[in-house]
Structure formats: structure tokens, C-alpha cells
Amino acid sequence: MPITIATFNVNSLRARLANVQDWLRLAKPDVALLQEIKCQEHEFPQLEFQSLGYNCAALGQKSYNGVAILSRFKFDVVQRGLPGDDGDDQARYMEADIEVPAEQTREQGAQKLRVATIYLPNGNPVESEKYPYKLAWMKRLRQRAAELLKTEMPVVLGGDYNVCPTDDDVYDPAGWAEDALCKPESRAHFRAIVNLGYTDAFRAVCSEINRYTFWDYQAGRWQRDEGLRIDHLLLSPQAADCLSDCQIDRYPRKQEKPSDHTPIWCRLDL
DNA sequence: ATGTCGCGTGAAACGCGA
């Protein structure tokens, strides 16, 4: 039986707990990668997720950032924080090994799947120190992504990349050309990760342009469907070989008090 | 040009981050 892995920038877990619970009950992802939980670990609603059948782990921080992994299957956290800069204390990255049971796989019995939940720095304004921090962070992510390929495991790098890969992924390319989400350097760093040998799961399945995962709260962007595709699931070759579907789930964005992002999920037949 | 949220501070309205 294939498994479903979703990524969702929730924009505050405390403000969005009911929305996230509602989404989990309906979409039933086997693994959920969350970003921007904006809470500390002692505030993480572990019991609420456990009662929905999920094991969970969080890397939290006060006010900003914060990532989490929820899984119906057992898992071990193998990395807290992105390696490569001991001075970086922003909670933006965590990895786990998911133990996919034999009854969920095609033939080889139980399998391990490596997942990462990623909240890549936004990088705006580009004149500030935030933009070089973003680009340096992406270089570190590329280094880590290269290390993970050496394991030859199925790997899913999911999250809010804060990068819109091409002009086909934004409603107003000219208007966004100078933004940190669309600048050529940001796109080049994203391609450098993909070009290691990762597959953009959404683009492997859907060639339709102007399909978004984020719509600004301002100016009726959701109502006009003026958004950006910035949440991605990058698959190692061993994961990409098992890809059977990938969809953007617009339902949560339509609800009351939504996040400004909506989930994207992929299905793997391991 | 602007439009909206969520957070922390600290007690209401503001600055910050997105």
C-alpha cells in the first residue's frame, strides 16, 4: 500500500491547531512535515496529535520558525538543525528515519525512509543581511542533500523552500522579479540542489503552470488565485522511483482563519 | 500606494517577520 507524505507551513500551530487537526482527519497523511510552528517544544500539542494516531517530534523556538514531524509509523529523529554552522540557532530543519512497516511496502519488507522538514529562510529584504543568510543556508542544504544521496535510501526533503523555481510558478513574474523568493540567485541555489539528483515531485506529476501553495493574506490574493509555488517535496532517486502521485490540497486554504500556505502531498509506493 | 496576519510586550498599540 502506498504511503502519503505531506508538507504544510501552518503559520503558528497554536493559532492553527483546529485547522491542522481538521486537515489531518480529512487528508490522513501517513507523514506530515510541518513548518512555522512558532512555538517552543514545551508548548507543542503532542497529546492532541497522538490522539489522532501520530507520533511526533518538534524542533521549536520562541515566536518564530519551528518545524515538526508527525508520523503514523515509528520514527527516530536523526538530525536536529541544519549542519554546517554551529552559530545558527534558528529552528528550521529536522530529519527523521521513518520505519515503514512491511504491509505498507510492495515487496522488500519493512523499509526505512528518510524525511526532512525544511523551513528555508525567506531572505527579504534583499538589501539586508537576511538575503546572504538565505543563500548561505541553501549552500548548507545542498551539502546535506548531497550527503543524503550517499545513503542510497529513499529520501524526501519537504518544506517551505521560500523559492519559486520558475516564472511559471508565480502569478506576476515581473512584479516578483526582485523578491528574494524569485531572484536568480535563489533559483540557481534551488536548481543546484535538484541537479544533485533530486526530483521536484510536483513537476514530475503535473506540467500545468500557475499552480500555487502560498497566497498572501493581503489584497485578496487567494480569491484571485494569485499565489506562488514555494512549498516543495524533493525526492532522492530511490524515492522518485516510487512516486505515484503529488497534489496540492487547496482545502485548508479555503477554511476560516487559514494559514497563508496550503499542504502539498506525494504518494510513494515503496 | 495599500490592502493581512501572528507574535511578544505588557496592558493598547506598536514593531517585527512574513
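In what follows, every chain begins at residue 1, and chains take the letters A, B, ... in the order their sequences are listed. The structure displayed is predicted, hence computed values, not measured ones.
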**OP:** Have a look at A:Tyr119 and say if it touches a base, only the backbone sugar-phosphate, or nothing, with a 4.0 Å heavy-atom cut-off.
**Re:** sugar-phosphate

Check salt bridge (Lys or Arg N to Asp or Glu O under 4.0 Å) between [X] and all other residues, then give those that pass, not counting sequence neighbours.
X	value
A:Glu147	A:Lys150
A:Asp76	none
A:Asp260	none

Expressed in angstrom and rounded to an integer, what is the separation of [X] atom [atom1] from [N] atom [atom2]?
X	N	atom1	atom2	result
A:Gln35	B:dG17	CD	C1'	17 Å
A:Glu129	B:dG17	CD	P	8 Å
A:Gln90	B:dG17	CD	P	10 Å
A:Leu181	B:dA18	CG	P	10 Å
A:Gln61	B:dA18	CD	C1'	14 Å

Original post:
Given the P atoms of B:dC7 and B:dT2, what is the spacing between them in whole Å?
Top reply: 25 Å

Original post:
Taking ILVMFWY side chains as joined if any heavy atoms are under 4.5 angstrom apart, and letting links pass through other members, which residues group with A:Leu135?
Top reply: A:Val126, A:Tyr131

Original post:
Hydrophobic cluster mates of A:Phe214, side-chain heavy atoms under 4.5 angstrom, ILVMFWY only, any path?
Top reply: A:Val170, A:Tyr171, A:Trp176, A:Leu181, A:Tyr212, A:Trp215, A:Trp222, A:Leu228, A:Ile230

**OP:** Going 5' to 3' through nucleotides 1-14 of chain B, assign each nucleotide B (protein heavy atom under 4.0 Å from a base atom), S (under 4.0 Å only from sugar-phosphate atoms) or - (no protein heavy atom that close).
**Re:** --BBSSSSS-----

